[in-house]
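A short write-up of the structure that comes next.
Hydrogens, waters and symmetry mates are skipped; everything else that's a heavy atom, side chains included, is used.
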Amino acid sequence: MIRQKEIERIRQNRVKWFCHHVKIFQENIKDGISLEGHGTLEVNDRGSLYIDFICTRSNIRPDFRESIPNDTLDTNALLILNAETITGIKITSKNIIIKPQLFNSMQPEPTYYRIPLDEIISTTEDKSSYQNQSMIIECHENLLIPSNKSNSIVSTLGNESHSWNETELNIAENKINIIKHDNYSEIIIRGESFEEQEYLESILLYLKITSGNNLQPYYISVHKENIINEKVISIDLNNLNKSIPSPIPENAADVKGYRLDNYHYDLLENIIKIKQSSEHYFTTIASHWHNIWSAFHVKNLYIPNLVLSLSIEGILNDIFIPVLEKVTMDSEFEKIKKEINCKISKIDGIEEKYIKNINDYVNRWGNIHPKKALEILQEKDLIEKKQKEIWEILRNKSAHPRNSDNLKTIRKKDYERLVVCLGLFYVLILNVFKFEGAQFSFAKIKDEKIVLNPYINILYNNSI
């Protein structure tokens, strides 16, 4: 089990564990490579884990001028690391690749390797009488969610103060505590039983959307029954201060001054429910959000324009259009299409492949395309006319970029279009998650106007 003192070093990016025994091997390859020795596990200035491994014994002599394994795309051939530190921590890491290293190839007997690690896992048996299940997640990013609990803070000089730095929620008989410490954030989930990966992905997406940060957990601990699984993960410290505008204010109130925190918290519960009931919706939104976050940190404005316009199109195609087509289906028109295809199929002298092409063309008559879907959503008052029109402009400009777009006068317009389309993206995904409450309007650059949007049911016949 990783001691609290070591966890503090992990937070501070000061990991240095001496491993008296290290074994790196291929588990799924008969007579595969097996290397044994010792090494030092550390984390570099960018937050990436690695081990400096000194090999003292191996079953074969590998060619260090090539990667180990040779085929790095063969997942069965990837290496596994087992190690034990001098303090007794047993760790495992998988999917390891040893890349060619110049200083090794220049030595008569290469024995030293610097091996990058995506993550390390430590599994410990807990012999206490602990009954409930729990998960702890730590990350460095700042979280923009309303707090509902105060904690006392004692300084090193003994002075005590209080801070509203914690959010406590109860969801499906599980308690979730989100604590904003000075230098890191901590999420704790406790309950009799919950699916760890389901809650982990749901909470991370909730915090990503509401904070605008691409959260990178560096430490995750899961305590289930009498087993504690701890994971230390490589992160990229260069991304800590990179964010995109979030759609929901951290603190908001209605015209009477009543706080709207519950709407904020309800979003998390709905995300968990969507994750459980409509996995496709969840993964689609999570993927597009990550693509947008990444694109917003590219200097070339064409890239976020392209990615954002395509993400909106992807959300429409993958989530909204299949539902809208069922709702707006014209049974009489579908009958006419079948009759036309039947008549075309009976025409002599036309090759079968051309008949099929014509039938496919007829079947697409009346299909809802993204532009039509936005028109329907505008009629239902989910989106605004301005959002639809600007998305069309942005989509067209992304498909046909011009050098003149670099002019400052045009760049300002592009930034404004980007902001409006980001607001459109948020309106769509928040509707999927049944959110109602305070949102930023995204009507212009640096728009801090807050609007209260009601939930409009587009996708669900029954409550999720």
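- Counting only distance, with no hydrogens or angles, the side chain of K275 and the backbone of Y281 share no donor-acceptor pair below 3.5 Å.
- Applying the side-chain hydrogen bond (donor to acceptor under 3.5 Å, both in side chains) test to every pair with at least one member in residues 166-175, sequence neighbours left out, gives these pairs: K149-E168, N151-E166, E166-N177, E168-N177, N174-Y199.
- Here F435 pairs with nothing under the ring-ring contact (aromatic ring centres under 6.0 Å, His included) rule; sequence neighbours left out.
- Not a single donor-acceptor pair under 3.5 Å links the side chain of N76 to the backbone N or O of I29.
- Between I456 and K380, the closest heavy-atom pair is CD1-O, 3.4 Å.
- By the ring-ring contact (aromatic ring centres under 6.0 Å, His included) test, H288 pairs with no residue at all, sequence neighbours left out.
- Counting only heavy atoms from C-beta outward, the side chains of I285 and F433 approach each other to under 4.5 Å.
- Scanning all heavy atoms of the two residues, the minimum distance from V323 to I458 falls at CG1-O, 3.6 Å.
- Residue-environment remark: CG (N251) exceeds the threshold of 12 foreign heavy atoms within 6.0 Å.
- For the 3.5 Å distance criterion, the side chains of N305 and S398 fail to qualify, holding no donor opposite an acceptor.
- Interatomic distance, N457 CG to Y460 OH, rounded to the nearest 0.5 Å: 8.5 Å.
- Under the 30°/60° scheme for interplanar angles, the aromatic rings of F440 and F442 are found to stand perpendicular.
- With hydrogens and angles left out, the side-chain atoms of E186 and H181 include a donor and acceptor closer than 3.5 Å.
- Checked by atom type and distance alone, the side chain of S93 never pairs as donor or acceptor with a backbone atom of I120 at under 3.5 Å.
- Heavy-atom contacts from other residues, nucleotides or ligands closer than 6.0 Å to CZ of R259 number more than 12.
- Counting only distance, with no hydrogens or angles, the side chain of Q216 and the backbone of D236 share a donor-acceptor pair below 3.5 Å.
- By the 4.5 Å heavy-atom criterion applied to side chains, I136 and I189 are not counted as neighbours.
- Smallest separation of non-hydrogen atoms from I271 and S202: CG2-O, 3.7 Å.
- Considering CG of N453 and CD1 of I450, their distance stands at 11.5 Å, rounded to 0.5 Å.
- Here the shortest heavy-atom pairing between N317 and P370 reads OD1-CG, 3.7 Å.
- Of the N and O atoms on the side chains of E436 and Y263, not one donor lies less than 3.5 Å from an acceptor on the other residue.
- For the residue pair R11 / N183, no side-chain donor-acceptor distance below 3.5 Å is found, with atom types taken as modelled.
- Taking the side chain as every heavy atom from C-beta outward, Q387 and C421 never approach each other to under 4.5 Å.
- Side-chain contact of T92 with N82: a donor-acceptor pair under 3.5 Å is present, judged by distance alone.
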- Query: Can you check side-chain contact (heavy atoms from CB on, under 4.5 Å) on K224 and E196, steps first, answer last?
  - Reply: CA-CA 10 Å; K224 188 174 183 179; E196 302 97 5; 3.2 Å; yes
- Task: Evaluate the side-chain contact (heavy atoms from CB on, under 4.5 Å) criterion for residues I121 and I91: first the C-alpha distance (whole Å), next the side-chain angles of each, then the deciding distance (0.1 Å), finally the verdict.
- Result: CA-CA 5 Å; I121 300 172; I91 58 176; over 6 Å; no
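- The main-chain N or O of K90 is found under 3.5 Å from a side-chain atom of S122 such that the two form a donor-acceptor pair.
- Contact check for I80 versus Q26: no side-chain heavy atoms found under the 4.5 Å cut-off.
- A salt bridge is defined here as a Lys NZ or Arg NE, NH1 or NH2 lying under 4.0 Å from an Asp or Glu carboxylate O, and R14 with E8 fails to meet this definition.
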- Apply the test side-chain contact (heavy atoms from CB on, under 4.5 Å) to residues E192 and Q133: give CA-CA distance (whole Å), side-chain angles for both, the deciding distance (0.1 Å), then the verdict. CA-CA 6 Å; E192 291 187 5; Q133 183 178 347; over 6 Å; no
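- Summarising the geometry, atom CD1 belonging to I227 is positioned 7.5 Å from atom OG1 belonging to T123; distances are rounded to the nearest 0.5 Å.
- For A373 against L324, the heavy-atom pair with the smallest separation is CB-CD1, 3.9 Å.
- Here the straight-line distance linking atom CZ of R395 with atom CD of E392 works out to 11.5 Å at 0.5 Å rounding.
- Considering only heavy atoms from C-beta on, F282 comes within 4.5 Å of L205 through its side chain.
- Side-chain contact, Y426 with Q439: no donor N or O sits under 3.5 Å from an acceptor N or O.
- Under the 3.5 Å distance criterion, the side-chain polar atoms of N213 are left unmatched by any main-chain donor or acceptor of L215.
- Within the 4.5 Å cutoff, the side chain of N431 has heavy atoms near those of the Y455 side chain.
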- Query: Step by step, would you call I187 with E138 a side-chain contact (heavy atoms from CB on, under 4.5 Å)?
  - Reply: CA-CA 6 Å; I187 302 104; E138 290 192 15; over 6 Å; no
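- Inspection of the Q276 and E198 side chains reveals an N or O donor paired with an N or O acceptor under 3.5 Å.
- Proximity of a side-chain donor or acceptor of T283 to a complementary backbone N or O of H280 within less than 3.5 Å is detected.
- With hydrogens and angles ignored, the 3.5 Å screen pairs no side-chain donor or acceptor of S278 with any backbone N or O of I274.
- Side-chain atoms of K231 and S221 include no donor-acceptor pair closer than 3.5 Å.
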- CA sep, side-chain torsions, deciding dist, call: E250, K180, salt bridge (charged side-chain N to carboxylate O under 4.0 Å, His left out): CA-CA 13 Å; E250 180 179 4; K180 293 175 276 190; 3.4 Å; yes
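- How far CD1 of I203 is from CD1 of I178: 6.5 Å, rounded to the nearest 0.5 Å.
- Other residues, nucleotides and ligands contribute at most 12 non-hydrogen atoms within 6.0 Å of the CG atom of D45.
- A salt bridge does not link K388 with E384: none of the charged nitrogens is closer than 4.0 Å to a carboxylate oxygen.
- Taken to the nearest 0.5 Å, the CG atom of N291 stands 12.0 Å off from the CD1 atom of I303.
- At least one donor-acceptor pair closer than 3.5 Å links the side chain of W391 to the backbone N or O of S309.
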- Message: Let's go through R9 and E6 carefully: what are the C-alpha distance in whole Å and the side-chain angles of both, what is the deciding distance for salt bridge (charged side-chain N to carboxylate O under 4.0 Å, His left out) to 0.1 Å, and is it a yes or a no?
- Response: CA-CA 5 Å; R9 290 195 180 101; E6 295 297 335; 2.9 Å; yes
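- Checking side-chain atoms of S234 against main-chain N and O of L49 turns up a donor-acceptor pair under 3.5 Å.
- Centroid-to-centroid, the aromatic rings of Y206 and H264 come within less than 6.0 Å.
- Under a 4.0 Å N-O distance rule, the pair E416/K444 does not qualify as a salt bridge.
- Residues I368 and F320 have side chains not in contact (no heavy-atom distance under 4.5 Å, counting atoms from C-beta outward).
- Side-chain atoms of K242 and W293, non-hydrogen and from C-beta on, do get closer than 4.5 Å to each other.
- Nearest approach of S211 to L144, heavy atoms of both residues: OG-N, 2.8 Å.
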